[in-house]
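Note sheet for the following structure.
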Amino acid sequence: MKCEIEQIGGSLVVKLGGEIDQHCAEEIRGDIDRELDIKKSSSLIIDLGDVEFMDSSGLGLIMGRYKKMAGRGGTIMLARPKPNVDRLLEMSGIKKLIGRNKTKE
Amino acid sequence: MRNYMKLEIPSKSVNEAFARAAVGAFAAQTDLDINELADIKTSVSEAVTNSIIHGYRDAEGVVYIECEIKAGKNCVVSVTVRDEGTGIANVERAMEPLFTTAPDEERSGMGFTVMQSFMDTLDVVSEKGKGTTVKMSKYIHSREGGGEII
Ligand SMILES: Nc1ncnc2c1ncn2[C@@H]1O[C@H](COP(=O)(O)OP(=O)(O)O)[C@@H](O)[C@H]1O
Ligand SMILES: [Mg+2]
């Protein structure tokens, strides 16, 4: 699992990689939430480009961050999911909920 | 031809990655494509994770995983994940999309829905206090020229 976090302008950009499951979801959640609270970011961009595997624990992680951002009037964006991850996002209806960018500016 | 494997792991979350990789590697002897492989691995991850975090919530236990392959024209990969944990009081309700008994842990409630949509059959047998058995299978559609080395 990889989780690199960088604040760019008002956005917190989180680059995830490797395999996202229940075993590592809590650590990722902690890392992201800590930075969000420090940086007070108005938008969260989750770059899924290097994620090779994700199960519904990843959906829980994304839904949780969506609620957190929505609660403070911010936005969340998902970028570059690989086909297998994209099918999971599609199936869950999460994409309709939050909208998505295929390419990150 | 029929082939099978059995696997036993303690309910440690670090074993989730191993379990899905092991089943994936075993299933790879069929003619399956990368999407079918991803579907099986994701579904195994869901079932094993459920046994670990819901089934054996309070104590460590053993998760039993079996994978069976029926090769040939009507190729099927079946996976059974079983635990002797808490069991599910109402299976029908548990299988509804978004239903979870652990929302504070940010569970999405989508595990059974994932298994249902990524596999071709899903069968859940559970008894409160006794444990849960999840049996699922996927039909592998053989492709033109599949299995040939060119
Ligand atoms: N092996 C199991 N043992 C006990 N309860 C389970 C098991 N699998 C699933 N459940 C119950 O079914 C619910 C729904 O499971 P699932 O769809 O995977 O969602 P989630 O895991 O996100 O809660 C769980 O919240 C739990 O209450
Ligand atoms: Mg689950």
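Keep in mind that the numbers below use all heavy atoms, side chains included, and drop hydrogens, waters and symmetry copies. Naming: A, B, ... by sequence-line order, numbering from 1 per chain.
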Intermediate values then yes/no, salt bridge (Lys or Arg N to Asp or Glu O under 4.0 Å), Arg65(A) and Glu106(B): CA-CA 10 Å; Arg65(A) 304 294 70 62; Glu106(B) 293 200 341; 2.9 Å; yes
Worked verdict on Ile20(A) versus Met1(A) for side chain to side chain contact (heavy atoms under 4.5 Å, CB included): CA-CA 7 Å; Ile20(A) 312 293; Met1(A) 181 272 288; 4.3 Å; yes
Most chain B-contacting option - heavy-atom pairs closer than 4.5 Å, from Ser56(A), Gly60(A), Cys24(A):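 Looking at each option in turn, the highest pair count goes to Ser56(A).
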Asp50(A)/Lys82(A) ion pair, N-O < 4.0 Å: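 Result for this pair is no, no salt bridge flagged.
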Criterion salt bridge (Lys or Arg N to Asp or Glu O under 4.0 Å) on Asp47(A) and Lys2(A), from CA distance to verdict: CA-CA 11 Å; Asp47(A) 182 350; Lys2(A) 180 187 82 177; over 6 Å; no
Side chain to side chain, Val62(B) and Ile9(B), heavy atoms closer than 4.5 Å: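 SC-SC contact between Val62(B) and Ile9(B) ruled out.
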For [X], is it the side chain, the backbone, both or neither that has a heavy atom under 4.5 Å from a heavy atom of chain A?
X	value
Thr42(B)	both
Thr49(B)	side chain
Ile34(B)	neither
Lys12(B)	neither

Region of Leu88(A) that comes under 4.5 Å of a non-hydrogen atom in chain B: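 Both parts, backbone and side chain.
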Side chain, backbone, both or neither of Asp55(A) within contact of chain B (heavy atoms, under 4.5 Å):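 Both parts, backbone and side chain.
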